[in-house]
2 protein chains.
Amino acid sequence: MGINSNRVENLESHETVVRIPPEVMPASPQAADEIHKVCMPPKRTTLQKLKHKLSEVFFPDDPFHKFKDQSSFRKFLLGLQFLFPIFQWGPEYTLALLKADVVSGLTIASLAIPQGISYAKLANLPPIIGLYSSFVPPLIYSILGSSRHLAVGPVSIASLVMGSMLSEEVSFTKEPTLYLKLAFTATFFAGVFQASLGLLRLGFVIDFLSKATLVGFMAGAAVIVSLQQLKGLLGITHFTTKMQFVSVMSSVFQRKDEWSWQTIVLGFSFLLFLLGTRHISIKKPKLFWISAAAPLTSVILSTLLVFLLRTKVPRIAVIGHLPEGLNPLSLNMLYFSGSELGLAIKTGIITGILSLTEGIAVGRTFAGLKNYQVDGNKEMMAIGFMNIAGSCSSCYVTTGSFSRSAVNYNAGAETTVSNVVMSATVLITLLFLMPLFHYTPNFILAAIIITAVVGLIDYQAALRLWKVDKLDFITCLCSFFGVLFISVPLGLAIAVGVSVFKILLHVTRPNTMVLGNISGSEIFQNLDRYQEASRVPSFLILAIESPIYFANSTYLQERMLRWVREEEDRIKANEGSPPLKCVVLDMTAVASIDTSGIETICELRKLLTQKSLQFVLANPTGNVMEKLYKSNVLEPFEFNGLYLSVGEAVKDISSLWKRRP
Amino acid sequence: MGINSNRVENLESHETVVRIPPEVMPASPQAADEIHKVCMPPKRTTLQKLKHKLSEVFFPDDPFHKFKDQSSFRKFLLGLQFLFPIFQWGPEYTLALLKADVVSGLTIASLAIPQGISYAKLANLPPIIGLYSSFVPPLIYSILGSSRHLAVGPVSIASLVMGSMLSEEVSFTKEPTLYLKLAFTATFFAGVFQASLGLLRLGFVIDFLSKATLVGFMAGAAVIVSLQQLKGLLGITHFTTKMQFVSVMSSVFQRKDEWSWQTIVLGFSFLLFLLGTRHISIKKPKLFWISAAAPLTSVILSTLLVFLLRTKVPRIAVIGHLPEGLNPLSLNMLYFSGSELGLAIKTGIITGILSLTEGIAVGRTFAGLKNYQVDGNKEMMAIGFMNIAGSCSSCYVTTGSFSRSAVNYNAGAETTVSNVVMSATVLITLLFLMPLFHYTPNFILAAIIITAVVGLIDYQAALRLWKVDKLDFITCLCSFFGVLFISVPLGLAIAVGVSVFKILLHVTRPNTMVLGNISGSEIFQNLDRYQEASRVPSFLILAIESPIYFANSTYLQERMLRWVREEEDRIKANEGSPPLKCVVLDMTAVASIDTSGIETICELRKLLTQKSLQFVLANPTGNVMEKLYKSNVLEPFEFNGLYLSVGEAVKDISSLWKRRP
């Protein structure tokens, strides 16, 4: 190599001048034709690097930046506000805000009561558990939560997953107590898992459920849940407990004899009514109260109807007796040993992660609309503690519900006080109004569930995925069909697998390209894309758009050699072109390199030197530079084959050729 | 936005002039102060994109490039050479080459015979199977293989893994026939798996076993194998079949009563002799023949010794009777149904992938030394077919051995004919010399195995890993301790998991940084790293060094906002600094984006606009540009917030500010 080893001495003899716009970049005149040296990143010890890395992994948002340079009293106050957001908005709470919160709280309560009962049935739990779960967790959340619009309570996805996972191994009809115990235990573990994710600041775990995965998953879950509601809507009594397309559909058609036309007529009428009100509210968001009031109205109407017709149409299934009174304690029902513990933990983790994803996504959506921040890790702790507390007071998994939060937002909620108002309403219901639900028919619960989950089918998002990113669309399809035809957890696992595979595929087969100079600038760009870009004679400028890892080092070596071969073929075909003399590798986008990658660079250098080609690197990043240096790869380059930019490499090398042809 | 919407019209009024070195980049004079437009990549249909992607995934090296523009006869000839490399070197084969090949072939045969017997014992197979496996597979490889220096036969790692996996479920002492059947079946599946990887061009699968994983894995395997050889060296008869540190060590010390001092003395003497010769050959590579000849010499000497002492020292265990004759057919021993089929397939796949990795790595190493190319996918087919043929002729898994290939190379082998010579020597041994091995003691086999595997412990490579890349070192430790203390396949799985986790960690927490202008150039570099770089007043220039994916989009959004916040704090602290007006995001290293990433860009734009900050993108890659365009994100940018380089963005925006303050 060594062709430009005395570069520094020869600097003054350069004939080229680059003048830089003075008002933008104040350049000293003698610096104009300098070739800049690539330098090493600032020296840091392994410990410092580890600290930096850990702080990036766990504290990317620097949550304590507000605490810097504050008095200790102020620090204490900030700490209190940090742990309990209620201290943030509490002191500024006004009567006007309270009025808004009471209105929105009552509105979501009217939605939460029928939905609570319905979702508990979805999880194969007694309906009363749904009401219990709408009472304690919202109270806890209103103290700890940082979202002002989240309406907390049972949600469809988590209920569905809990129901389908638990009932695969334990029958809720034959062993109702064990089933209930497992549900509370799973809720406990969900809470512990959520809170520890937040405490350990591992919030990024939920990022692995990509948008594409969730779109497919929710649509699949919505379809399977809706189909399962045919049980209630058709009045079938013997029905599969499996959450799977084939067994649900065969249950529906094998039990034709159980279909009850009275239930069908009433059920589908109410379903149409509910879907109609939903449609109106979507078209005119100002009329949100129509869809918000519809479920409670339907429940009251249908209960009245069934009560009046009770002697004439006895075949309509109803909820039956519900106990009056507050949540009983359920600490003694938690289950920490025995053969079913594994099932409870697994169910807890999966429902925990799903409910976190939903809660945080919903919180972020409405925070974005009102311009405040929701801290993911703090939300995880809030949701986690609320589920731990819930599991001790006869509640099952709860989180922020999308549909109720939207109603809450539209009804003008200002703080989490709306959750407190909702809790109070549920409290009154639990204490005094339970007998009224005795004749509430099951079909109305089915209709409410269908209306709620239909909104989860976001076909427009799926279309957008198809348009923008085919692989994302495939992920989406995988999770949709996985959930529909295999099972909920497996479908989810497949979709996460596809997402991770996509990342790995990108790493395994990164983009590489040939760059050309855009005439009249120092910009080098992809020759394929920019027609203004043209090859620099005698140079082949290659760029790699990914870290060089063990998983792609072999590929990259082969691909680089192929680019060189193709360039040589091209030169051979075009007579009179100057021969190839130098290969420049633009490493701007090579964010990182590992030991296999370093070997690839050495190997490439060796193979190109054998072909009498000069091989230089342009703009290695700090990280890469450090590793190249440490592994002694730079010695053959003698720090000379390194340039700060492709432009400088081309300028320097070609001027050296001029002087020593 | 829209601040620079009439950029093109105002171009002539720029006061800035950038002169470009004329001899390097022939620029037209009026192009000098142009702001270049970011353009879309050339339009391609989904099908074209799919085709391109698939060809990059499966044919990165464009294996058929030689076939282009050739006559059909030439194409046929090239095809023949492509499938059977023997046609490539065959016509040019000379007597001189043959002489070299005969010498090296005889040398490796003298090593292959004792190693074959030893490795078969390592796999818990009858010793004769090791010799059979050194006869058929090398013949097949010499026709199909593209490496000229690979010495084919049984190897330690694959033998060890096969032995430990099969004997976990089937006892080779109680059910020797079933065990043998399973070994052949596993070999068959290994071959099928290897050949199909090659045929389907999925060679990159083996890339996922990174160097770091392999260093740890081989060292762990070498330690556990060496410890297991204490059985032979100490003369213990009852020994665990488990490949695991704890059970091996407890076997050694619980069976102290079985230790035989005669075996110990003889065994360790020969071990010292073998290790000594190995040491000499490493110090002086020209004396390679010393270590090459040592095993056979030791076998002969020790056999003689044991034969002479057979009445006096009866406690020394010997190989015993070996059948004379050629490989019997074993097609009828393949096992395609029954409960053990799964075990055979699993063992086949794992030994298959490990032997592929070894074979291809060894082939590439020596090809690199002699400057020829080894095509990974073709090698996979060659090794695969050789194992399929082997499984039908009483051979177990074979591949290219590192130690024997090194001897082959040093002995001057020129083509695969040296493998044929070795096969012929093994043939003669099989036909006539088998009775001579009757008194060969087991301790010498143990000593040969230890000497062979000691070379797999590459502590220097591990030290290099520690120096260069701490995470690679952790991967290495995981696979080392995983293999040593848990089990071979699980240790391997853990190490692959850690490698993949490392990739995901990088994707989840990519580098981000603030760039500054290097005075006197249009280069923008990391402010932390380059002291010459300085902030451009009123600008914050950020760079992301990774694709923006679902797995990092939340992080990146938070991190970008934190950079903005920190910049604002800095400006507040330094009185008199101009306020922040524009954030430039350098997307050079953002090779790809998905739908979550696109949402992040939108969200960032929204949040920054709310802070009255301009937000522009510099140098989006083709891929990213296309997706931004398709998802209609560019509409708010009106194609204006896009620049080809950071330099142009800064130049253009600041000149616009000048004109409209």
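A note on names: the letters A, B, ... follow the listed sequences, proteins ahead of strands, and every chain is numbered from 1.
Side-chain contact check for Y643(B) and D652(B): at least one donor-acceptor pair (N or O, by modelled atom type) lies under 3.5 Å.
Only the side chain of K470(A) comes within contact range of chain B, with at least one heavy atom under 4.5 Å from a heavy atom of that chain. Using a 4.5 Å cut-off between heavy atoms, L644(A) touches chain B through backbone and side chain atoms alike. For Q531(A), no part lies near chain B; criterion is any non-hydrogen pair under 4.5 Å. Looking at V507(A), the atoms closer than 4.5 Å to chain B (heavy atoms on both sides) all sit in the side chain, from C-beta outward. The contact between T621(A) and chain B is made by backbone and side chain atoms together, counting heavy-atom distances below 4.5 Å. In this structure, chain A has a heavy atom under 4.5 Å from the side chain of Q525(B), while its backbone stays farther away. In this structure, no portion of L50(A) lies under 4.5 Å from any heavy atom of chain B.
A donor-acceptor pair under 3.5 Å is formed between the side chain of N517(B) and the backbone N or O of S521(B). Although no hydrogens or angles enter the test, the distance criterion places a donor-acceptor pair under 3.5 Å between the side chain of K627(B) and the main chain of I593(B). In this structure, the side chain of S592(B) does not engage the main chain of N623(B) through any donor-acceptor pair within 3.5 Å. A donor-acceptor pair under 3.5 Å is formed between the side chain of D594(A) and the backbone N or O of F550(A). Remark: the backbone N or O of P547(B) is paired with a side-chain donor or acceptor of N552(B) at under 3.5 angstrom.
In terms of non-hydrogen atom pairs under 4.5 Å with chain B, the most contact-rich of A212(A), S645(A), S499(A) is S499(A). Looking only at heavy-atom pairs under 4.5 Å with chain A, the residue among R529(B), R364(B), K502(B) that has the most is R529(B). The residue among M513(A), E603(A), E558(A), E599(A) with the most heavy atom pairs within less than 4.5 Å of chain B is E558(A). Of the listed residues (L504(A), T512(A), L465(A), N511(A)), the greatest number of heavy-atom pairs within a distance under 4.5 Å of chain B belongs to L504(A). The most heavy-atom pairs under 4.5 Å with chain B, out of G376(A), A551(A), S553(A), come from A551(A). For the set R464(A), E626(A), E566(A), E545(A), the entry with the most heavy-atom pairs within less than 4.5 Å of chain B is E545(A).
For R559(B) and W563(B), the positive end sits near the middle of the six-membered ring, less than 6.0 Å away and at most 45° from its axis.
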Original post:
Are M587(B) and N619(B) close enough, and set up right, to give a side-chain contact (heavy atoms from CB on, under 4.5 Å), and what steps lead you there?
Top reply: CA-CA 6 Å; M587(B) 312 228 338; N619(B) 195 18; 5.8 Å; no

